[in-house]
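Contents: one structure, followed by commentary.
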Amino acid sequence: MIGIGYTLGRYLSLRFIQTIGAVFLTVFGLIYMIDLVELIRRAGEGVQVRTLTLARLSFFRAPMIAEQVMPFAVLFGSIAAFLTLSRKLELVIARASGVSVWQFGFPPVMVALAMGLLAMMAYNPVAVALKQRAEELETRIFARQLDQGNRNRFIRQLSVDGSSIIRAGQGTADGSTLAQVTVFVFDRAGILLERVEADTATLQRGFWRLENARILTVGIEPQAADVYLLATNLTRDEVRQALGSSENVSFWRLPATIRQLELAGLDATRYRLRHQGLLARPFLLIAMVIIAASVSLRFFRFGGVAKLVLGGVAAGFVLYISTQIAEDLGANGLLSAPIAAWFPAIIGSLLGTLVLLHQEDG
């Protein structure tokens, strides 16, 4: 453990694992209870379902929500662990024996790295699988099709006749049917031929079947058609992925999904951003540990610990918000996916390290 010995390194690692784990489990429990209460409230509006079934549904939904707050669990757990070590004078003894902040800070950084890798490679696939089961169970319980937030989502497709852009107001969970559909049809030269508005669009093999269509063509009066057929090269899975959330695809399936969408001529920006965000997750957790160390190593007898901790919590929130803003910029094409995913974690780590350097070496 870089000059501090196996015993001390193991002790520090276990302390941080226990503290961070306790904070994460507490947050998970709160998320589960709040979600369960909300489901019970929804079920009370005329839906006959057992409480045990709702409890199972909430348990399936909680892991994906808890994944979003994992950086805060690492931040608060690391602050608590550092403060406990400092309050019990264990850090004072370590420093008196010649151990620097970089040496006793190495074990928690390795813990954060291991947790990030575990969250990326194991926790995320499990959370995605449970979320999919939750969506299926929720559909059966509340007897409705999930639109998955697909309002005004666009699909670009290629076919033997040219290209077209489909705007869908809603869609079923399996991607087979779209509602509130508007289609812009282009020829092979990219010239707009017509605009088609329809109540629904059902995906068949090799074509879309549009019901109650209204066809608008330049220079021609609008025409109505009970059925309008539009050629397509898309499959049901590709439509579901284009309309659905990138959170519904696990870490291990993201590369194949990105390639599949790009070959189909669909926009894979959200999936590339999701993939890069998961790859950067271990470094974001490391940044949280470094921020925690920069505000938690002051000796209690010097005072001002509460202000430093509050500043660290604020810095963690700012880093998390910066991550969300960068993801939004990346999703809108203003930043490349790697920059949007990695920049906040790198900057947070560098700023935290700068503060530690100032505290240790002046």
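Hydrophobic clustering (ILVMFWY, side-chain heavy atoms < 4.5 Å, transitive): Ile325 and Val318 are in distinct clusters. A chain of hydrophobic side-chain contacts below 4.5 Å, direct or via other Ile, Leu, Val, Met, Phe, Trp or Tyr residues, connects Ile339 to Leu351. A chain of hydrophobic side-chain contacts below 4.5 Å, direct or via other Ile, Leu, Val, Met, Phe, Trp or Tyr residues, connects Leu284 to Ile346. If you chain together hydrophobic residues whose side chains sit under 4.5 Å apart, Ile79 and Val109 fall into the same group. The hydrophobic cluster containing Ile17 also contains Phe106, counting ILVMFWY residues as joined when their side-chain heavy atoms lie under 4.5 angstrom apart, directly or transitively.
In this structure, Thr26 contributes its side chain and Ala22 its backbone to a donor-acceptor pair below 3.5 Å. Under the 3.5 Å distance criterion, the side-chain polar atoms of Tyr32 are matched with a main-chain donor or acceptor of Ala55. A donor-acceptor pair under 3.5 Å links the side-chain atoms of Trp252 to the main chain of Met121, judged by distance alone.
Here CD1 of Ile290 is found 8.0 Å from CG of Leu350. Values are rounded to the nearest 0.5 Å. Atom-to-atom distance recorded for Tyr320:OH and Met288:CE is 9.0 Å, nearest 0.5 angstrom. For the atom pair CG (Leu210) and CD1 (Ile166), the distance works out to 7.5 Å, reported to the nearest 0.5 Å. Atom CG in Leu279 sits 10.0 Å away from atom CG in Leu117 (nearest 0.5 Å). A distance of 8.0 Å separates CG of Leu203 from CG of Leu178, quoted to the nearest 0.5 Å. Considering CG of Leu57 and CG of Leu130, their distance stands at 11.0 Å, rounded to 0.5 Å.
Closest approach of Gly348 and Leu319 over heavy atoms only: CA-CD1, 4.2 Å. Among all heavy-atom pairs drawn from Tyr228 and Ala213, the shortest one is CB-CB, 3.8 Å. Nearest heavy-atom pair, Arg209 versus Glu211, reported as atom, atom and distance to 0.1 Å: NE-OE2, 2.7 Å. A pairwise comparison of heavy atoms in Leu335 and Ala326 identifies CD1-O, 4.3 Å as the closest pair. Looking at every heavy atom in both residues, Val23 comes nearest to Gly77 through CG2-CA, 3.8 Å. Of all non-hydrogen atoms in Val289 and Ser78, the two that sit nearest each other are CG2-OG, 3.5 Å.
Within the 4.5 Å cutoff, side-chain heavy atoms of Phe186 are placed close to those of Ile165. Annotation: side chain of Pro108 is in contact with side chain of Phe82 (closest heavy-atom distance under 4.5 Å). Residues Tyr11 and Leu85 form a side-chain contact, since some pair of their non-hydrogen atoms from C-beta on lies under 4.5 Å apart. In this structure the side chain of Val249 never reaches within 4.5 angstrom of the side chain of Val128, judged on heavy atoms. Contact annotation: the side chain of Leu216 never approaches that of Glu194 to less than 4.5 Å [non-hydrogen atoms, C-beta and beyond]. At a threshold of 4.5 Å between non-hydrogen side-chain atoms, the residues Glu197 and Arg195 count as touching. Under the 4.5 Å side-chain criterion, counting only non-hydrogen atoms from C-beta, Val196 is not in contact with Leu230. Ile31 has its side chain within reach of Val69: a pair of non-hydrogen atoms, C-beta onward, lies under 4.5 Å apart.
Here the options are Ile286, Leu118, Leu285, the test is side chain to side chain contact (heavy atoms under 4.5 Å, CB included), and the partner is Leu113; only Ile286 passes.
Other residues, nucleotides and ligands contribute over 12 non-hydrogen atoms within 6.0 Å of the CD atom of Gln204. Heavy-atom neighbours of Phe343 CZ from other residues, nucleotides or ligands within 6.0 Å: at or below the threshold of 12.
There is a side-chain donor-acceptor pair under 3.5 Å between Glu67 and Asn124.
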Next on the checklist: Applying side-chain contact (heavy atoms from CB on, under 4.5 Å) to Glu327 and Thr323, what does each step give before you reach the verdict?
Outcome noted: CA-CA 6 Å; Glu327 289 182 356; Thr323 302; 3.9 Å; yes
Next on the checklist: As a quick check of understanding, evaluate side-chain contact (heavy atoms from CB on, under 4.5 Å) for Leu254 and Arg274, giving each step before the final call.
Outcome noted: CA-CA 8 Å; Leu254 278 170; Arg274 176 66 173 170; 3.8 Å; yes
Checklist entry - What do the steps show when you test Leu75 against Ile291 for side-chain contact (heavy atoms from CB on, under 4.5 Å), and what is the final call? => result CA-CA 8 Å; Leu75 174 65; Ile291 291 174; 4.2 Å; yes
Checklist entry - Taking it one step at a time, do Phe60 and Arg56 satisfy side-chain contact (heavy atoms from CB on, under 4.5 Å)? => result CA-CA 6 Å; Phe60 290 160; Arg56 185 157 58 97; 3.6 Å; yes
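In this structure, Phe317 and Phe76 have tilted ring planes: the angle between them lies in the 30° to 60° band. Ring planes of Tyr123 and Phe24: perpendicular class, angle over 60° (limits at 30 and 60°).
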